[in-house]
2 protein chains.
Amino acid sequence: MTRYTGESRMLVAVDCIIFGFDGTDIKLLLIQRGLKPEKGKWSLMGGFLQENESLEQAANRVLKKLTGLEGVYMEQMKAYGEPLRDPVERVLSIAYFALIDIHQYEKQLSTEYHAEWVHIKKLPELIFDHKKMVENAKKQLRYKAALHPILFELLPAKFTIPQLQILYEGIYDTTFDNRNFSRKVLSTELLIKQKEKDKANSKKGAFYYKLDKRKYKANFQAFLNFIPNPDKLLL
Amino acid sequence: MTRYTGESRMLVAVDCIIFGFDGTDIKLLLIQRGLKPEKGKWSLMGGFLQENESLEQAANRVLKKLTGLEGVYMEQMKAYGEPLRDPVERVLSIAYFALIDIHQYEKQLSTEYHAEWVHIKKLPELIFDHKKMVENAKKQLRYKAALHPILFELLPAKFTIPQLQILYEGIYDTTFDNRNFSRKVLSTELLIKQKEKDKANSKKGAFYYKLDKRKYKANFQAFLNFIPNPDKLLL
DNA sequence: TCAAAAGTGTTGTCGCTACACCCATGC
DNA sequence: GCATGGGTGTAGCGACAACACTTTTGA
């Protein structure tokens, strides 16, 4: 026996929802689609699953092709399979979301794809069901970040607590008490205080911290309850 | 333009991890595979995605074909795409997990598939990567049930708090203080007390409760924190 | 009357929010 | 010295785990 008979085969794609944080705003990396149809319209970066690669490999390949980055935090989100989601022919899409340190990739935007970082609250129209994918990704990111120390992936290796707070406030579209926030974050003991301060944003300056990689990996699955009143914030 | 060119198409399947609870044990509904290869070996129920159906439709079709049930709680879990996961040819599988009230479907096990309810801790060897799917499903169920009132889906319309507790204890493979458990559950205000008692398990008898469907739907996304020390329990 | 499960009451602890207040520095 | 963020101290409240104790009923 060599193949299953009487069943229909279809294309499979991976699409990447790529989040970045520039210190102020949360952004998504979008491209202008190079293929017909909808050529030139805004789209998530994606690609077809090749014959000998796994889904994870495909997602990483697609991300690397656009950004040049490897070893980025990525997570499989959801499969989208409406029969008519792509008007050309049936394409099943597996969506991944990625969190990248925008400073590692801000300038050298591949001109090949006309990629741009777009403010998450000012997204253009997107092709196919990509808008829905983005909405699901935002929701999942909020959900996950309420419980797990995932947002560090968006920051550079050295960062300050106020920077981290701005990031969390952006994700949850709210404000937190800075005094309680810093205490809560420090109480996780995931951060290692550095000697230097960042004086860009205040006269006193805020100490830099680095992530304790070992503890981060060990405690990743723990429920950390970063966010006050998660019930209310998560819709 | 009618099709994308130069890309490879493949089969897509859905596989269902079907959980049930018989009042004492948590079980999985497995079948004995009817197709070659691995014919006769234990497997999850699955089926190929048809040309004009969505993933959800396919999952529901597969579930109905085996159990006759519709409107069952189902959730998309994860896509599995290792190139060689099926030795016959490349098949991408989207796994769904389902929670069903075992009493609605215990006797009329379809002889067509040689289906059986198998104790979750005594699973046989499974074909392909189905073992991994089951493990992921267990983990996701634990995770989700720690925060959301999802396990009611496994119980009949009327149930007692001690029954619910046995279910939770089975899921988390631990024991809870019955006094605190009942208070915690009742504090959610999701349950409506009935007049009758279940006297099968004690002389005093335990009151039956029904789920307040309206509140259940409204509060489903809230973080309910059903479980003490979720950190420690979830691995 | 006693065994056994169901369920209520109570207490101490812990973690959280809210907010007063101090700190370091550039101007 | 004063404005501006950064950060610590503290008090009150609420949630929760632990566990004593009462209730109900069959045998």
Next on the checklist: So B:Asn201, base contact, sugar-phosphate only, or nothing? Heavy-atom distance under 4.0 Å.
Outcome noted: sugar-phosphate
Next on the checklist: Assess, by modelled atom type and distance only, whether the side chains of B:Gln163 and B:Tyr208 contain a donor and an acceptor separated by less than 3.5 Å.
Outcome noted: no
Next on the checklist: Just the rounded figure in Å: distance from P of C:dA6 to OH of B:Tyr209.
Outcome noted: 12 Å
Next on the checklist: We want to know whether A:Thr160 and A:Asp198 form a side-chain donor-acceptor pair, criterion being a heavy-atom distance below 3.5 angstrom.
Outcome noted: no
Checklist outcome for this item: Between CG of A:Asp177 and P of D:dT10 the distance, given in whole Å, is 17 Å
Checklist entry - Parallel, tilted or perpendicular: which describes the rings of A:Tyr168 and A:Tyr172, with under 30° parallel and over 60° perpendicular? => result parallel
Checklist entry - Considering only side-chain heavy atoms of A:Lys197, which listed nucleotide, C:dA24, D:dG7, C:dG7, is closest? => result C:dA24
Item to check | Between C:dA6 (P) and B:Leu164 (CG): distance, integer Å | outcome: 13 Å
Checklist entry - Strictly by modelled atom types, are B:Glu82 and B:Tyr80 linked by a side-chain donor-acceptor pair under 3.5 Å? => result no
Item to check | Over 12 foreign heavy atoms within 6.0 Å of CD, B:Glu125 | outcome: no
Item to check | Nucleotide C:dA18, atom P - distance to CZ of A:Phe176 in whole Å | outcome: 12 Å
Next on the checklist: Among D:dG9, D:dG6, C:dA6, which nucleotide has an atom closest to any side-chain atom of A:Arg183?
Outcome noted: D:dG9
Checklist entry - Taking CG from B:Asn178 and C1' from D:dT23, how many angstroms apart are they, rounded to a whole number? => result 14 Å
Checklist outcome for this item: B:Phe207 atom CZ is separated from D:dT25 atom C1', nearest whole Å, by 13 Å
Next on the checklist: In this structure, how many angstroms lie between the P atom of C:dG7 and the CD atom of B:Gln165, rounded?
Outcome noted: 10 Å
Item to check | Under 3.5 Å donor-acceptor pair, B:Arg179 side-chain atoms to D:dT23 base atoms | outcome: no
Next on the checklist: Of the options C:dA5, D:dG26, C:dA24, whose atoms approach the side-chain atoms of B:Lys199 most closely?
Outcome noted: D:dG26
Checklist entry - Less than 3.5 Å between a donor and an acceptor, one on the side chain of B:Lys204 and one on the base of C:dA6, is that the case here? => result yes
Item to check | Nucleotide nearest A:Ser182 when distance is taken to its side chain, options D:dT24, C:dA6, D:dT8 | outcome: D:dT8
Checklist entry - Between A:Lys184 (NZ) and D:dG7 (P), how many Å, whole number? => result 18 Å
Checklist outcome for this item: Of A:Leu186 and A:Lys203, the one whose nearest nucleotide on DNA chain D sits closer to the 5' end is A:Lys203
Next on the checklist: Nearest to the side chain of A:Asn180, heavy atoms from C-beta on, is which of C:dG7, C:dC19, D:dC19?
Outcome noted: C:dC19
